[in-house]
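In what follows, a single structure is set out as structure tokens and then discussed.
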Amino acid sequence: MGDAIQPGIPKATLILAGNNKQSLTPTYPTPVKVNHSTTAIAQNGALIYPTTPNTNIDSILKQRSEVIENNTLTTEQGNEFRVTFEDGTTVHLNYNTELRYPIKFSQTKRMVYLKGEAYFKVAQDTRPFYVITDHGTIKQYGTEFNVNTFSPERTEVALVKGSISIIPTKSSQEQFIKPGQLAHIEQKNSNISIHNVDLTPYIAWNEGRLIFENRTLENIVEILEHWYNVDISFGTSELKQLRFTGNMDRYATISPILKAIARTTNLQIKIKGREILITDN
């Protein structure tokens with residue numbers, strides 16, 4: 001069942017100044033010239049920018065006089081990619097994600113824009129690090145966290161280590177969250193709700209797992225469609241609300257996940273090409 005349907009692969013599009021686009025894959029030839037003076041390395045599904053220590057006053061003055069140039073990294077359905085910024089911060093982009101960032105950060109702050117989902121490991125630095133989303137801004141000083149903006153209703157932030165604050169787009173109120181907490185920034189009213197949760201299911205994708213804790217099949221199917229690039233439908237809409245718990249290998253074929261769902265929920269799963277139908281027995 002589904003042995004031919006492979007998981008997503010490391011692939012992204014890099015958009016440079018002037019809308020010049022380059023496709024990045026694990027076999028993409030390196031290096032990658034990202035502007036007139038900076039060359040990055042693309043290897044093993046990651047884009048790595050050269051580190052730039054800011055110790056020299058001449059380099060500081062030179063950087064202050066430079067125009068901040070942005071790069072954009074985008075992934076599509078069935079793709080993921082990693083990037084290491086010039087400060088040593090690493091970001092893991094999930095599928096259907098856009099990350100916009102400067103080739104070199106300014107002297108006072110490090111700021112990126114995210115649409116989609118990404119896991120951040122922020123390098124320690126005196127400059128605060130900001131992740132801008134449509135619903136609000138996440139601000140921190142060296143930590144690990146996951147940001148998910150896939151839902152149009154809210155941005156979801158899971159803090160693994162360190163300390164971060166959240167500032168909703170429609171409000172100036174800054175709210176801090178602690179490790180082990182999940183925060184929702186609501187689009188409708190800019191309210192922030194904070195929950196103490198087991199973060200494992202929220203960050204598992206970054207570690208190569210798909211963990212579902214009592215999730216509806218509708219929610220699970222949406223994730224599988226994006227990661228495995230398939231089209232999944234239900235025989236009746238009632239089946240969407242059935243719930244499933246499981247811990248799966250994100251880099252395996254779709255087969256073991258479908259078998260586990262079928263066995264646990266007592267449903268039938270039929271596959272034709274990349275189309276999957278879930279029905280009652």
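Atom set for the values below is all heavy atoms of this structure, side chains included, hydrogens, waters and symmetry mates excluded.
A parallel orientation is assigned to the rings of Phe150 and Tyr95, their planes being inclined by less than 30° (bins at 30° and 60°). Between Phe129 and Phe85, the ring planes lie parallel to each other; the angle is under 30°, not in the 30° to 60° tilted range.
No single ILVMFWY cluster, assembled from side-chain heavy atoms under 4.5 Å apart, contains both Ile132 and Leu73.
For Gln173, the CD atom is loosely surrounded, since the number of other residues' heavy atoms within 6.0 Å does not exceed 12. Crowding of Glu76 atom CD: a count of heavy atoms from other residues, nucleotides or ligands under 6.0 Å not exceeding 12. Heavy atoms from other residues, nucleotides or ligands lying under 6.0 Å from CD of Gln6 number more than 12. At most 12 heavy atoms of other shown residues, nucleotides or ligands fall within 6.0 angstrom of atom NZ in Lys109. The 12-atom threshold is exceeded at NZ of Lys33, counting heavy atoms of other residues, nucleotides or ligands nearer than 6.0 Å.
Between the CD1 atom in Ile220 and the CZ atom in Arg215 there is a gap of 7.0 Å [rounded to 0.5 Å]. Here CG of Asp280 is found 4.5 Å from CG of Leu239. Values are rounded to the nearest 0.5 Å.
Residues Glu98 and Tyr113 have side chains that never bring a donor and an acceptor to within less than 3.5 angstrom of each other. Side-chain atoms of Glu117 and Trp205 include a donor-acceptor pair closer than 3.5 Å. Of the N and O atoms on the side chains of Thr216 and Asn219, not one donor lies less than 3.5 Å from an acceptor on the other residue. Side-chain contact, Glu186 with Asn191: no donor N or O sits under 3.5 Å from an acceptor N or O. A donor-acceptor contact closer than 3.5 angstrom links the side chains of Asn196 and Gln181. Using modelled atom types, one finds a donor on one side chain and an acceptor on the other under 3.5 Å when comparing Glu153 with Ser151.
Between Val157 and the choices Ile192, Leu182, Thr133, Ile164, the side-chain contact (heavy atoms from CB on, under 4.5 Å) rule is met once, by Ile164.
Applying the ring-ring contact (aromatic ring centres under 6.0 Å, His included) test to every pair with at least one member in residues 158-184, sequence neighbours left out, gives these pairs: His184-His195.
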### Message
Assess the residue pair Thr97 and Asn94 against the criterion (side-chain hydrogen bond (donor to acceptor under 3.5 Å, both in side chains)); give the C-alpha distance rounded to whole Å, side-chain angles, the decisive distance to 0.1 Å, and a yes or no.
### Response
CA-CA 6 Å; Thr97 293; Asn94 207 348; over 6 Å; no
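You'll find the ring centres of Phe105 and Tyr130 outside the 6.0 Å limit.
The shortest heavy-atom contact between Thr38 and Lys104 is OG1-CE, 4.1 Å.
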